[in-house]
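The shown structure was predicted, so the numbers you read here are calculated from the model rather than taken from an experiment.
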Amino acid sequence: MKILIATHNKKKMVELERILSPLGIEIVTADDIGCELREVEETGSTFEENAMIKAKAGCEDSGLACVADDSGLAVDALGGAPGVYSARYSGVHGDDEANIDKLLKNLENVPDNERTGRFVCAVCCVFPDGKNICVRGECEGTILHERHGNGGFGYDPIFKCGDLYFGEISSEEKDRVSHRGKALRELYNELNNMI
């Protein structure tokens with residue numbers, strides 16, 4: 001089975017492939033199959049809605065089953081922000097450094113015990129016959145006052161889960177505890193039942 005991953009984020013692609021490849025599924029990108037994926041607006045108010053929008057469009061454009069995700073950081077002291085706007089929190093889509101800077105600025109007077117939050121990931125897979133799977137994973141943690149490490153991507157350098165600094169841990173450790181790892185294991189189980 002061939003599944004298209006609707007992402008241009010290479011680090012996310014590697015993460016998806018690492019977790020799903022044991023099913024014997026061939027993971028492909030739009031570039032791999034010479035397909036032009038249209039840019040879709042993420043107009044959903046939830047991570048699930050946005051993941052579904054992207055997966056449906058990718059399936060329609062390619063004719064293949066398509067997996068897409070939407071993920072972000074929800075900070076309790078900010079009422080769940082940046083949430084679905086995580087990638088464009090600073091006003092520029094995908095500017096990790098500017099997004100982190102804005103978040104740290106908005107949390108600068110928030111005490112340690114109120115710096116709780118979670119990474120959330122919704123992953124949807126849409127099939128050409130109309131079937132779909134949508135799963136969710138969450139990872140609870142705290143928001144740091146400054147960056148620790150330069151691993152991972154997005155808000156990883158300012159997120160701590162238990163004793164683990166997301167900007168310092170290995171990919172394998174991150175897969176074990178992360179929101180995306182949890183969601184992809186759920187997807188793995190759903191796909192395994194379907195195959």
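When atom types are taken as modelled, the side chain of Y85 and the backbone of G72 share no donor-acceptor pair closer than 3.5 angstrom. Not one N or O on the side chain of N192 forms a donor-acceptor pair closer than 3.5 Å with the backbone of Y188. Not one N or O on the side chain of K54 forms a donor-acceptor pair closer than 3.5 Å with the backbone of A6. In this structure, the side chain of N50 engages the main chain of G44 through a donor-acceptor pair within 3.5 Å. Proximity of a side-chain donor or acceptor of R176 to a complementary backbone N or O of K182 within less than 3.5 Å is not detected. Remark: side-chain polar atoms of R185 are paired, donor with acceptor, to backbone N or O of D175 under 3.5 angstrom.
Within the 4.5 Å cutoff, the side chain of I169 has no heavy atoms near those of the D156 side chain. Residues V28 and I3 fail the side-chain proximity criterion, which asks for heavy atoms closer than 4.5 Å. Side-chain contact between I158 and H148 is absent, with no heavy-atom pair separated by less than 4.5 Å. Annotation: side chain of F119 is not in contact with side chain of C161 (no heavy-atom distance under 4.5 Å). The shortest distance between side-chain heavy atoms of V177 and L164 falls below 4.5 Å. Counting heavy atoms from C-beta outward, E49 and T46 have side chains that approach closer than 4.5 Å. The side-chain heavy atoms of L144 and K160, taken from C-beta on, include a pair separated by under 4.5 Å. Between S62 and I33 the shortest side-chain heavy-atom distance falls below 4.5 Å.
Cation-pi geometry between K174 and F153 is met: under 6.0 angstrom from the ring centre, within 45 degrees of the axis.
Within the model, atoms CG of N132 and SG of C124 stand 7.0 Å from one another, a figure rounded to the nearest 0.5 Å. Rounding to the nearest 0.5 Å places CG of D69 at 10.5 Å from CG of L187. A distance of 11.5 Å separates CD in E186 from SG in C134, rounded to the nearest 0.5 Å. For the atom pair CD (E140) and NE2 (H179), the distance works out to 12.0 Å, reported to the nearest 0.5 Å.
The minimum heavy-atom distance linking A77 with L107 is given by the pair CB-CD2, 4.2 Å. The two residues G149 and P157 come nearest to each other via the heavy atoms O-CB, 3.7 Å. For the residue pair G117 and F159, the shortest heavy atom distance occurs at O-CE1, 4.2 Å. Closest approach of A55 and V126 over heavy atoms only: CB-CG2, 3.7 Å. The shortest heavy-atom contact between H145 and V110 is CE1-O, 4.0 Å. Nearest heavy atom pair, residue P128 against residue G63, reads CG-O, 3.3 Å.
Counted within 6.0 Å of CD on E108, heavy atoms from surrounding residues, nucleotides or ligands total more than 12; the atom is thus considered enclosed. Applying the 6.0 Å contact sphere to CG of N150 captures no more than 12 heavy atoms from other residues, nucleotides or ligands.
Residues I53 and V67 do not share a hydrophobic cluster, clusters being chains of Ile/Leu/Val/Met/Phe/Trp/Tyr side chains in contact below 4.5 Å. If you chain together hydrophobic residues whose side chains sit under 4.5 Å apart, M194 and M52 never meet in one group. With hydrophobic clusters built from ILVMFWY side chains whose heavy atoms lie under 4.5 angstrom apart, F166 shares a cluster with V75. Both V123 and I27 belong to a single network of hydrophobic side chains, linked directly or stepwise wherever heavy atoms of I, L, V, M, F, W or Y lie under 4.5 Å apart. Under the 4.5 Å side-chain heavy-atom criterion for ILVMFWY residues, a single connected hydrophobic cluster contains both L73 and L78.
A salt bridge links E97 with R147: the distance from a Lys NZ or Arg NE/NH1/NH2 to an Asp or Glu carboxylate oxygen falls below 4.0 Å. For E138 and R136, the salt-bridge test passes: some basic side-chain N is under 4.0 Å from an acidic carboxylate O. Salt-bridge check for D76 with R115: failed, with every basic side-chain N at 4.0 Å or more from each acidic carboxylate O.
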Output, in order, the C-alpha distance, side-chain angles, deciding distance and verdict of side chain to side chain contact (heavy atoms under 4.5 Å, CB included) for T7 and T29.
CA-CA 8 Å; T7 185; T29 65; over 6 Å; no
Could you go step by step and tell me if C125 and C66 meet the disulfide bond (SG atoms under 2.5 Å apart) rule?
CA-CA 5 Å; C125 182; C66 180; over 6 Å; no
Determine, stepwise, if the pair Y155 / D96 fulfils side chain to side chain contact (heavy atoms under 4.5 Å, CB included).
CA-CA 7 Å; Y155 296 93; D96 292 347; over 6 Å; no
May I have the step-by-step check of side chain to side chain contact (heavy atoms under 4.5 Å, CB included) for V84 and E42, ending in yes or no?
CA-CA 9 Å; V84 294; E42 296 178 29; over 6 Å; no
Assess whether side chain to side chain contact (heavy atoms under 4.5 Å, CB included) is satisfied between E190 and V135, documenting all intermediate values.
CA-CA 9 Å; E190 293 282 343; V135 295; 4.2 Å; yes
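Looking at D95, N99, N106 one by one, the single match for side chain to side chain donor-acceptor pair (under 3.5 Å) with Y89 turns out to be N106.
E173 meets the side-chain hydrogen bond (donor to acceptor under 3.5 Å, both in side chains) test with S170; sequence neighbours excluded.
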